[in-house]
Structure formats: structure tokens, C-alpha cells
Amino acid sequence: MLRAVVAEARAQGLPVSGDLGAVTRWREAVEAGVTGLNHSHGYRYGFFPAELQPIREDEPYEVRKARWDLEIDKLVDPARPEMDSLFAAMAANDVALDPTLVVYDMPDSARIQLGIERAADPIRRMRTYQKLVRLAFESGVTLLAGTDDVILGRKDFGSLFDELEFYADAGIPNENVLRAATANAARWLGKLGDFGTVEAGKRADLVLIDGDPLKDIRDLRAIDLVVKNGRIVYASYGSRAEQ
């Protein structure tokens, strides 16, 4: 089915970004011709024993989800040679990665409920996937910046700012973090000639920051002005644009 979708998308001139289920593995998707992969869940790498893969139909979803977190994520190892070959294949085929690290974040209120014995698990898991993202970047894989519809709208965590900060904390240079949310995304869509960088003749979609995100990525939160298609749609109180 995936190969058929990719073939039709290519005929229509469209990219294909895969939020894969529990059956298709990343390497299979790359071989099928997808141009992007979403979510860095460990079970999608396909490196684990069949009994640990979340495809059993005799378990409720929540039970399976708990098993993925406890058993599979603990087996994710950035040092596995299979990871090197997988990311090399992605880079060679120009398959972009939208890892959505925010799905591994956990607010303090939820971490407290885990108890002392398991409170460190979310932190360990985040660090593991940050290492994977850095390995992907160092292997030449194009990074994109996304979040997830499951957590969008929550005020305590899960924003695009969080995602970009997780990239920086993983060791991705700030310039490349910014490209993940701008030029890389435009190029992946085949629209780099229209937007994604600040150049004469391109669409004026601009975010002006009161700070320097090249020095501190967290300065992105200090938005002074937003311009969409040449029109000011937001100006912070007291900003020069407002004046």
C-alpha cells in the first residue's frame, strides 16, 4: 500500500511524509520512496525481537503503549551499527526527519505521579532520542521541526519552541536548528523559491525576534513582530512596529 501511495504522490508532484504504524519499518519506508519520516519511536526502527513489536491484537492499546515505553524504548541504542546504516540510507535518499522530541517530554506534574523508581525514565528516554537526532544530523539527514497533534494546545509543554530547544540541547548548532524550521521545511516542500529564507522576491513571511537565537535558541520566545505574506499580523506591546 505504501509503495502505491508513493507512486501516486510522485505522479502528482507531492512529497510523502510517513507517520508509520507498527508494521512498516523505517528502512522499508525509505526503500519504498518516502521523502520524510515523522516521530522517532523506537519500535519503528525494526531492530527488536518480534515479541516486543507492538502488533499483538490481544492487548488493549494502553497496555501495548505501556509495554512500548517500558520494554522497547529501553532497548533503543544510538550506538547500534544499524542506526548508522539507516541514517546513511536516509541521507543518500534525501529522506528528511521530523523527530518530534516533544512527545518524550513530560511535565513535572506527570513525572511526580510516576513515583521515585520511575521518575528518571522520561529523562533517560529524552536523552536517548536526543542522541539519535544528533546522530541523524551528523549523518547528513535533513532535520525538520514539528510537534504532534496529541499535545498541541497544552499550555505546560509541547510547543514548537520546546522542540527547537530540544534540538539545541542535543548538540545541534543553533543555525541548523533555525534551518529545520525555515529553509529545510521549504526545501522539503519544493517551495524554497517562494519562502523559507529572507530574499528579495520571496514571500514576506517574517518573525522578528528581540534577541539573538544564534547565541541562545530560547530567544525565539521573545517575538517582537510577525509578518505574514507582507502584512503585519502581530506586534508586541511597545514594539517599534506598533509605534
Side-chain angles (χ1 to χ4, degrees), residues 2-3 6 9-10 15-49 52-53 68 72-105 123-148 160 162-192 196-197 213-214 217:
L2 178 59
R3 293 183 184 278
V6 171
R10 284 181 174 174
V16 176
S17 183
D19 178 3
L20 303 181
V23 177
T24 305
R25 308 291 176 246
W26 275 17
R27 185 175 295 278
E28 293 172 330
V30 171
E31 293 172 352
V34 301
T35 50
L37 291 171
N38 305 86
H39 307 315
S40 49
H41 296 307
Y43 64 84
R44 291 172 176 173
Y45 304 140
F47 303 148
F48 307 120
L52 293 182
Q53 298 290 359
W68 306 347
I72 295 179
D73 278 343
K74 287 183 178 180
L75 294 176
V76 174
D77 182 3
R80 293 181 73 116
E82 297 97 326
M83 299 307 305
D84 289 328
S85 62
L86 172 61
F87 289 141
M90 290 175 63
N93 289 277
D94 200 19
V95 178
L97 173 61
D98 164 28
T100 58
L101 289 174
V102 289
V103 303
Y104 303 112
D105 191 21
I123 298 175
R124 172 198 52 75
R125 184 173 58 181
M126 173 64 80
R127 297 292 179 262
T128 295
Y129 283 105
Q130 283 181 309
K131 290 178 181 178
L132 282 171
V133 170
R134 181 171 179 174
L135 175 60
F137 170 76
E138 293 175 344
S139 300
V141 175
T142 297
L143 290 183
L144 304 178
T147 54
D148 187 79
L160 182 60
D162 293 324
E163 182 74 3
L164 297 177
E165 289 164 11
F166 288 141
Y167 294 175
D169 291 342
I172 309 299
N174 287 2
E175 179 180 352
N176 297 99
V177 173
L178 294 174
R179 287 181 180 277
T182 55
N184 287 3
R187 185 175 71 84
W188 186 84
L189 290 168
K191 298 291 185 179
L192 190 55
T197 59
L214 289 176
I217 202 66

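This structure is a prediction, so every number in the text was calculated from the model and none was measured.
Looking only at side-chain heavy atoms (C-beta outward), Pro213 and Leu178 come within less than 4.5 Å of each other. Considering only heavy atoms from C-beta on, Pro99 stays 4.5 Å or farther from Gln130 through its side chain. Considering only heavy atoms from C-beta on, Val95 stays 4.5 Å or farther from Val141 through its side chain. Side-chain contact between Pro173 and Phe137: present, with at least one pair of heavy atoms (C-beta onward) separated by less than 4.5 Å.
The backbone N or O of Leu135 lies less than 3.5 Å from a partner atom in the side chain of Ser139, making a donor-acceptor pair. Side-chain atoms of Trp188 never come within 3.5 Å of backbone atoms of Pro15 as a donor-acceptor pair (strictly under, hydrogens ignored).
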Discussion item. Evaluate Val102 against Asp162 for side chain to side chain contact (heavy atoms under 4.5 Å, CB included), listing each step before the verdict.
Written reply: CA-CA 7 Å; Val102 289; Asp162 293 324; 3.9 Å; yes
Item to complete: Go through the steps for Thr142 and Asp94 under the test side chain to side chain contact (heavy atoms under 4.5 Å, CB included), then give the verdict.
Response: CA-CA 7 Å; Thr142 297; Asp94 200 19; 3.9 Å; yes
Item to complete: Report the C-alpha distance between Thr147 and Thr100 in whole Å, list the side-chain angles of each, state the deciding distance to 0.1 Å, and finish with yes or no for side chain to side chain contact (heavy atoms under 4.5 Å, CB included).
Response: CA-CA 5 Å; Thr147 54; Thr100 58; 5.7 Å; no
Practice prompt. Take Thr197 and Leu192 through the test side chain to side chain contact (heavy atoms under 4.5 Å, CB included) and record every step on the way to the result.
Written response: CA-CA 8 Å; Thr197 59; Leu192 190 55; 4.3 Å; yes
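Taking the salt bridge (Lys or Arg N to Asp or Glu O under 4.0 Å) definition, one finds that Asp84 meets it with nothing, sequence neighbours left out. Residues forming a salt bridge (Lys or Arg N to Asp or Glu O under 4.0 Å) with Glu138 (at least two apart in sequence, or on another chain): Arg134.
Judged purely by distance below 3.5 Å, without hydrogens or angles, the side chains of Asn38 and Ser17 pair a donor atom with an acceptor atom.
When every heavy atom of Val133 is checked against every heavy atom of Ile172, the shortest pair comes out as O-CD1, 4.3 Å. Here the closest non-hydrogen pair linking Met126 and Tyr104 is CE-C, 3.8 Å. In terms of heavy-atom proximity, Ala29 sits nearest to Leu37 at CB-CD2, 4.0 Å. Among all heavy-atom pairs drawn from Thr182 and Gly196, the shortest one is CB-O, 3.5 Å. What you find for Glu28 and Arg25 is that their closest heavy atoms are OE1-N, 2.9 Å. Closest of all the heavy-atom pairs between Arg27 and Ser85 is NH2-OG, 2.9 Å.
How far CG of Asp98 is from OG of Ser40: 9.0 Å, rounded to the nearest 0.5 Å. For the atom pair Thr24 OG1 and Arg3 CZ, the distance stands at 10.0 Å (nearest 0.5 Å). To the nearest 0.5 Å, atoms CZ (Phe166) and CG (Asp105) are separated by 3.5 Å. The line from CG of Asn184 to CG of Leu97 is 11.5 Å long, rounded to the nearest 0.5 Å. The CG atom of Leu214 lies 6.5 Å from the CD atom of Glu175; values are rounded to the nearest 0.5 Å. Here the NE2-CH2 distance, from His39 to Trp26, works out to 10.5 Å after rounding to the nearest 0.5 Å.
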